[in-house]
Amino acid sequence: MRTWRKVHSTLLESSRFSQLSDGAATLYFLLLVAQDDTGFYPWEPTKVRRLTISRGWSSEQTESFAQEIVTVGLATQTDGGLLLYRGKEMNGRLRQDVEPMEYPRNPNVNATSTLRQ
């Protein structure tokens, strides 16, 4: 994960974002911070726990919040993780002296069911 990520003020005016519950909105902001340079975050138990450890959510709650994010169109499930809508674009172009940061992907995993295994 990068040291910092951009958050655009237009998010607060987004009709998609306004449909999220407070828990899903919080998870979305955590995903914004933790995403790789392509807007992807792997949905595997260890990574999800690390991301949400300060929240005290159960696995079922976390999965439900993730599903909300997907349902409103702020992310899609792909390659064993969540790909944030316009995540790569909103991250901006990388400087040439910065090594790209990308999480490994697993196309054989259904992103929001991983935590129950």
Does any non-hydrogen side-chain atom of E63 lie less than 4.5 Å from one of E68?
no

Say you draw a straight line from OG1 of T62 to CG of L30; how long is it, rounded to the nearest 0.5 Å?
10.0 Å

Would you find a donor on one side and an acceptor on the other, under 3.5 Å apart, between the side chain of T52 and the backbone of R55?
no

What one should report as the nearest heavy-atom pair of W57 and G23 is CH2-O, 3.5 Å

Residues R105 and T38: side-chain donor-acceptor under 3.5 angstrom:
yes

For residues A24 and I69, report the shortest heavy-atom separation together with the two atoms involved.
O-CD1, 3.5 Å

For P104 and P42, the nearest pair of non-hydrogen atoms, with its separation, is O-CB, 4.4 Å

Test log, rule side chain to side chain contact (heavy atoms under 4.5 Å, CB included), inputs Q35 and L31:
CA-CA 6 Å; Q35 69 181 321; L31 288 165; 5.9 Å; no

Is there a side-chain contact between V48 and W43 (heavy atoms, below 4.5 Å)?
yes

Criterion ring-ring contact (aromatic ring centres under 6.0 Å, His included) on F17 and F29, from CA distance to verdict:
CA-CA 11 Å; F17 185 76; F29 274 106; 5.5 Å; yes

Whether R49 side chain and P45 backbone form a donor-acceptor pair below 3.5 Å:
yes

Taken to the nearest 0.5 Å, the spacing of L83 CG from D36 CG works out to 8.5 Å

If I take atom CD from residue E60 and atom CD from residue Q67, how far apart are they, to the nearest 0.5 angstrom?
14.0 Å

Exam field: side chain D37 to backbone E102, donor-acceptor pair closer than 3.5 Å
no

Is there a side-chain contact between Y41 and K47, using heavy atoms and a 4.5 Å cut-off?
yes

Would you check if L27 and L51 make a side-chain contact, meaning some heavy-atom pair closer than 4.5 Å?
yes

Determine whether T26 and L20 satisfy the following criterion, side chain to side chain contact (heavy atoms under 4.5 Å, CB included), listing intermediate values before the conclusion.
CA-CA 9 Å; T26 300; L20 296 177; over 6 Å; no

Does a side-chain heavy-atom distance below 4.5 Å link Y85 with R16?
yes

Hey, does T76 have a side-chain heavy atom less than 4.5 Å from the side chain of L82?
no

